[in-house]
2 protein chains.
Amino acid sequence: MAHIPAAERRDALVQAALRVVAEGGVGAATTRAIAAEAGMPLASFHYVFDSRDDLMAHLVTFVVGQEEAAILPEPIVGSDLQEVISAGLWRYADLLRADPLREQAMLELTHYALRSADMADLARRQYEHYFSLAASALTSAATHLGLVWDRPVDEVARILVALTDGMTISWLVDRDDAALSDIISFAAESVARFARTPERAHRDEDDVTRTT
Amino acid sequence: MAHIPAAERRDALVQAALRVVAEGGVGAATTRAIAAEAGMPLASFHYVFDSRDDLMAHLVTFVVGQEEAAILPEPIVGSDLQEVISAGLWRYADLLRADPLREQAMLELTHYALRSADMADLARRQYEHYFSLAASALTSAATHLGLVWDRPVDEVARILVALTDGMTISWLVDRDDAALSDIISFAAESVARFARTPERAHRDEDDVTRTT
DNA sequence: TGGCGACTGGGTCATTTGACCCACTTCCTG
DNA sequence: CAGGAAGTGGGTCAAATGACCCAGTCGCCA
């Protein structure tokens, strides 16, 4: 392990930390375990990071970027908004099923960040990031299909993120693929109801309760 | 601290543990911290519990019961299903806002349980509990209003739980009450759509796409 | 190409932590 | 009311952990 630039070690350590957290949870992410996972001596850790918390803060920042990279390149498929949303959620679901521990680690890191005053802001930014990601996806989907959103797109985005978190936890707990499918169907159908064609916008606003 | 029956100490320690987890997260729940919170010597801890994990397992079981006690006595209010669901979710939301750290602790405990092979089953049971809780609430609400569920009530219950988890995380991160309100409205409206009056069941199934 | 600063890695150190021991006290039962 | 079981609490121990040191090595730039 001869003379690797500090910047590279930073990255290597952060990625090793993510693997360790995924494998054994935040509690298992000791400085030694992380350094060992990265295959470098403990001293390199403290040469590059001030402390364990310093590394954890960088880790949270890192995973946000990862999430973005994995979700964003989302080609719009399907001619129906419900289909488009469903496809997007399935893309995430596949990611979740391919590497459950990684997504679990993500959630745990959010909780971890919320605990310390410094990092709480980091968690907030993490979710603002998710919201804006969802918002831009929803906007482009609607635009693509010539639709407009009934409610502010930020509001819809937030709901979509909440649905995603909920289905993630649910699936992590019991790994029930059928239930996952149900939730995705529900989410796609329910969220799609918030979009209309501009011409007849707000016409049949609430047709279920219409009694005339 | 003179001669208290072991059973009482068990309860006291479990409750102290919950306070410690709520305050500082699972990582802060050391045997010493818990014993100190309960105001008893460390030895009492090991007299009553085999190990820290033993206590944690009991803690998870305990919080499930707590959740049930807090949510179940839910009088049905409102003449509209959407209203009833909304009221139920607001009851939970008020609980969340009254003691955010407690709900955060709950989520963290779920993640913690999922990490160990023994406790993973405990987490599963915890969620099955939530599901059946939601299912019975949904069933009695529908019965009360003379409605029937379009989809299996277990499926709807699961979706409701996922929505609850999602909105919990979302609110814990940014404490945005307006957003919480939005999500509850969405959830109530969307979930209520799954119920119909038995007579005209399935009639206006998908009126949004109806073009005639 | 020589030197200096960046980087390495084997160790150390004080704390914290889970586990547990054992002599002592208290309460209940027979 | 005597005796033993149940309960108490001060103390100990080994292991793990975060932090860090420093002598030595490496590579880049003047």
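Below, each value reflects all heavy atoms present in this structure, side chains not excepted, and no hydrogens, waters or symmetry copies. In what follows, chains are A, B, ... by sequence order, proteins preceding strands, each numbered from 1. The model shown is predicted, which means the values in this text are computed figures rather than measured ones.
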Begin from the C-alpha positions of A/Asp176 and B/Arg158 and carry the test salt bridge (Lys or Arg N to Asp or Glu O under 4.0 Å) through to its verdict. CA-CA 11 Å; A/Asp176 186 330; B/Arg158 197 178 257 275; 3.6 Å; yes
Round to a whole Å and report the spacing from [atom1] of [X] to [atom2] of [N].
X       : N      : atom1 : atom2 : answer
B/Arg9  : D/dG7  : CZ    : P     : 9 Å
B/Met40 : D/dG7  : CE    : C1'   : 12 Å
A/Phe49 : C/dT8  : CZ    : P     : 13 Å
A/Ile4  : C/dT8  : CD1   : P     : 6 Å
A/Tyr47 : D/dA23 : OH    : P     : 17 Å
A/Arg10 : C/dT8  : CZ    : P     : 13 Å
A/His46 : C/dC7  : NE2   : P     : 17 Å
A/Leu13 : D/dA19 : CG    : P     : 14 Å

Is atom CD of B/Glu23 surrounded by more than 12 heavy atoms (other residues, nucleotides or ligands) closer than 6.0 Å?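 Counting other residues, nucleotides and ligands, CD of B/Glu23 stays at 12 neighbours or fewer.
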When you get a sec, tell me which of C/dC21, D/dG7, C/dA19 is the closest nucleotide to the side chain of B/Leu42?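 Nearest to the side chain of B/Leu42 among the choices is C/dA19.
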Identify which nucleotide among D/dA19, C/dG9, C/dC21 has an atom closest to any side-chain atom of A/Ala43, counting heavy atoms from C-beta outward. C/dG9
Shortest non-hydrogen contact from B/Ala22 toward A/Arg115: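 Nearest pair, atom of B/Ala22 first, then A/Arg115: O-NH1, 2.6 Å.
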When you compare the side chains of B/Gln126 and B/Tyr130, does any donor N or O come within less than 3.5 Å of an acceptor on the partner?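 The criterion, which ignores hydrogens and geometry beyond distance, is satisfied for B/Tyr130 and B/Gln126.
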Is the shortest side-chain heavy-atom distance between A/Ile183 and A/Ser170 below 4.5 Å? yes
Taking side chain as C-beta onward, heavy atoms only, is A/Phe186 less than 4.5 Å from B/Val156?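 Not touching, per the 4.5 Å side-chain cut-off.
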Identify whether the distance between the nearest side-chain nitrogen and carboxylate oxygen of [X] and [Y] falls below 4.0 Å.
X        : Y        : answer
B/Asp121 : B/Arg124 : yes
B/Asp182 : A/Arg151 : no
B/Arg91  : B/Asp94  : no

For residues 51-59 of chain B, which residues have at least one heavy atom under 4.0 Å from DNA chain C?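 Close to the strand are B/Ser51, B/Arg52.
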Residues within residues 21-37 of chain B bordering DNA chain C, heavy-atom distance below 4.0 Å: B/Thr30, B/Thr31, B/Arg32
Could you tell me whether B/Ala6 contacts a base, only the sugar-phosphate backbone, or nothing, with contacts defined as non-hydrogen atoms closer than 4.0 Å?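 It contacts sugar-phosphate atoms only.
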